[in-house]
Amino acid sequence: MKNNNRNSFMKICVSYFLLCGLLNICQAQEDITTNELKGHITYLTSDKNSGRYPGGKINNRIVRYIKKDFKKSGIPPFLKSYKQPFVAQLRVKKGETPKKAVETWNVIGFIEGNDPLLKNEYIVLGAHYDHLGMGGGPSSKSDKIGIHHGADDNASGTSALLEIGEMLMAHKTELKRSVLLVAFGAEEQGLLGSKYFVDNPVVPLSQIKLMINMDMVGRLNDAKQVYMGGAGTFPGGVELMKELGPPLGLSPVVHAGSVGGSDHVSFYKKNISVLGIHTGGHPQYHTPEDTVELINFEGQKQVCRYIFNAIMKVASSSYDMKFIPQGE
């Protein structure tokens, strides 16, 4: 009898500690932390990743890293694979010998909504993960040949994608619309990943109601200004993006148009509502000096929560969504 009681007590203790562990995991998933943002950016900008140039073993390593983090957060692929392969023609300076085209990938995660009808409408949250490699190409702003780390451009957007995705997964039961999380390849080569995505969509383009793009979101300034274009491409977008800022201590600079600049342009050209979000330019743009030491991680966390709140406003309600064209 005593042995049975002891065994029962041990089972209860084990169950209790397992439950506590699960609760701790869920709690961790519900928040965006500066430590996780820093961990992602530190890895993505490490010397061994040589500036995240498209094609080859390094590109494949970055893709595996993104896939692994999606899996860790419980985010499944939309189809059988997270990877959407495509061929990228690499840019060269005028007069130089063309480079061979390379295979690269978009990486797609999926969080399904819960409304029987609205789950067939999609919000795309995207960021490009590639950068300029060792430099020397037409986009580099420096004559230096060396690792272009691309901490702000766009390891910051990639880390934000992973962290916001994790937080959305923790709030999955609140979503009515579905969310596609897309890490785009070969943006620096001419928006190639996003162009391929909209030309070969995994869902009908008519069902994508909003695309939010994060490109350079790691350098929030002292005035707490987060910039965006395209807020006028959906009903009430300008007002929504302005009102979400002050509760987080942010001062959004919101443009109805001013769409041009990054992967969201590919979606806008297909008559899809967009938001292109960033924290502003800086002298280190497209130089080897764009490093992790210059990232404002507390500011980036604020920007991530701002974007998360915007997604929840649109995806967890019957918010009226339709495309409104703007001047580019």
Colleague: Is K93 paired with E96 through a side-chain N to carboxylate O contact shorter than 4.0 Å?
Modeller: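 Looking at E96 and K93, the cut-off is not met.
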Colleague: So which of H149, K141, K144 actually passes side chain to side chain donor-acceptor pair (under 3.5 Å) with E289?
Modeller: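 That would be K144; it is the only one of H149, K141, K144 passing the side chain to side chain donor-acceptor pair (under 3.5 Å) with E289.
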Colleague: Could you check, using the six-membered ring where one of them is a Trp, whether Y43 and Y65 have ring centers closer than 6.0 angstrom?
Modeller: yes
Colleague: Please check: side-chain N/O of D290 versus main-chain N/O of D152, any donor-acceptor pairing under 3.5 Å?
Modeller: yes
Colleague: Centroid separation under 6.0 Å, is that true for the rings of F323 and Y268?
Modeller: yes
Colleague: Rounded to the nearest 0.5 Å, what's the gap from CG on L132 to NE2 on H286? Could you check?
Modeller: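 It is 4.5 Å, given to the nearest 0.5 Å.
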Colleague: Using modelled atom types and a 3.5 Å cut-off, is there a donor and acceptor pairing between side-chain atoms of S178 and backbone atoms of G113?
Modeller: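 Checked: pair present.
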Colleague: Please report the interatomic distance CG(N296) to CG(L37), rounded to the nearest 0.5 Å.
Modeller: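 Output value for this atom pair is 11.0 Å.
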Colleague: Hey, mind stepping through K270 and D199 against salt bridge (charged side-chain N to carboxylate O under 4.0 Å, His left out) and telling me if it holds?
Modeller: CA-CA 9 Å; K270 297 290 187 179; D199 287 339; 3.2 Å; yes
Colleague: Under 3.5 Å, is there a donor-acceptor pair linking the side chains of S142 and T287?
Modeller: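 No donor-acceptor contact under 3.5 Å links the two side chains.
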Colleague: Measure from the side-chain N and O atoms of N49 to the backbone N and O of G51, and report whether any donor-acceptor pair falls under 3.5 Å.
Modeller: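 It does not hold such a pair.
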Colleague: With a 6.0 Å cut-off on the ring centroids, do F86 and F197 count as close?
Modeller: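 No, they do not, as the ring centres are separated by 6.0 Å or more.
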Colleague: Looking at N200, I want to see if its CG is surrounded by more than 12 non-hydrogen atoms of other residues, nucleotides or ligands under 6.0 Å.
Modeller: yes
Colleague: For salt bridge (charged side-chain N to carboxylate O under 4.0 Å, His left out), just list the numbers for D320 and K209, CA-CA rounded to whole Å, side-chain angles, deciding distance to a tenth of an Å, and then say yes or no.
Modeller: CA-CA 10 Å; D320 180 36; K209 298 302 176 182; over 6 Å; no
Colleague: With rounding to the nearest 0.5 Å, note down the distance linking OG in S156 to CE in M216.
Modeller: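 Separation between the atoms: 7.5 Å.
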Colleague: Spell out, as yes or no, whether a donor-acceptor pair under 3.5 Å connects the side chain of H255 to the backbone of V253.
Modeller: no
Colleague: Give, for atom NZ of K313 and atom CG of L244, the distance between the pair rounded to the nearest 0.5 Å.
Modeller: 7.5 Å
Colleague: Please check if the distance between the ring centroids of Y53 and H148 is under 6.0 Å.
Modeller: no
